[in-house]
Amino acid sequence: ADSVFVEVKLYGALLLALAARTDLNAGAAHVWDIVGVADGAGAAICRPRRREFDRPPDRIEARHGGRFVEVTFVAEGRLHDAPEGIGNLTWLDA
């Protein structure tokens, strides 16, 4: 099945993104480093990291100055209801 990015955030020198499969059966978290060029000519995106999940993630946040990435999930059985708090947490090294 196809995936779509459902959330993209810039946090300091990190680019964070969540992707969900269009059938809502799985998802992934993506993290890239953004390295600036000293002379102001631009920036480069490097060191991609990806973590797959067996259900779609709901939200992604950088914590502790970007040292950790927090991914939250909607509680199982509530994919089509309004979320109520945090259902599950998974910590990823950034």
Side-chain angles (χ1 to χ4, degrees):
D2 292 330
S3 292
V4 294
F5 284 105
V6 295
E7 184 174 22
V8 177
K9 292 182 175 182
L10 183 60
Y11 182 86
L14 293 177
L15 179 62
L16 310 171
L18 288 181
R21 283 189 15 191
T22 54
D23 61 8
L24 296 179
N25 286 329
H30 302 263
V31 178
W32 298 270
D33 291 325
I34 299 177
V35 180
V37 177
D39 63 7
I45 297 175
C46 61
R47 202 171 156 236
R49 280 119 30 227
R50 176 184 172 133
R51 174 95 182 257
E52 299 277 337
F53 303 102
D54 60 358
R55 59 188 176 143
D58 180 54
R59 200 169 57 238
I60 188 168
E61 298 286 340
R63 298 287 186 220
H64 301 286
R67 296 182 57 82
F68 296 98
V69 173
E70 175 185 284
V71 177
T72 58
F73 299 87
V74 175
E76 289 191 48
R78 299 192 54 85
L79 286 177
H80 302 288
D81 295 338
E84 292 182 3
I86 297 172
N88 191 8
L89 287 177
T90 300
W91 289 89
L92 309 174
D93 280 331

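Position 1 is the first residue of the sequence, and the numbers go up from there. Keep in mind that the numbers below use all heavy atoms, side chains included, and drop hydrogens, waters and symmetry copies. All values derive from a computational prediction rather than experimental measurement.
With sequence neighbours left out, the side-chain contact (heavy atoms from CB on, under 4.5 Å) criterion links A17 to F5, V8, H30, W32.
In terms of heavy-atom proximity, A19 sits nearest to P57 at O-CD, 3.9 Å. The minimum heavy-atom distance linking V71 with A29 is given by the pair CG2-CB, 3.9 Å.
One finds the CG atom of L18 at 9.5 Å from the CD atom of E61 (value rounded to the nearest 0.5 Å). Atom CZ of R55 sits about 12.5 Å away from atom CG of N25, to the nearest 0.5 Å. In this structure, CG in L15 is found 5.0 Å from CD1 in I34, a value given to the nearest 0.5 Å.
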Discussion item. The test is salt bridge (charged side-chain N to carboxylate O under 4.0 Å, His left out); show your working for R59 and E70 and say whether it passes.
Written reply: CA-CA 8 Å; R59 200 169 57 238; E70 175 185 284; 5.2 Å; no
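Looking only at side-chain heavy atoms (C-beta outward), D33 and L14 come within less than 4.5 Å of each other.
Following chains of ILVMFWY side-chain contacts shorter than 4.5 Å, one can reach F53 starting from V4, so the two form part of one hydrophobic cluster.
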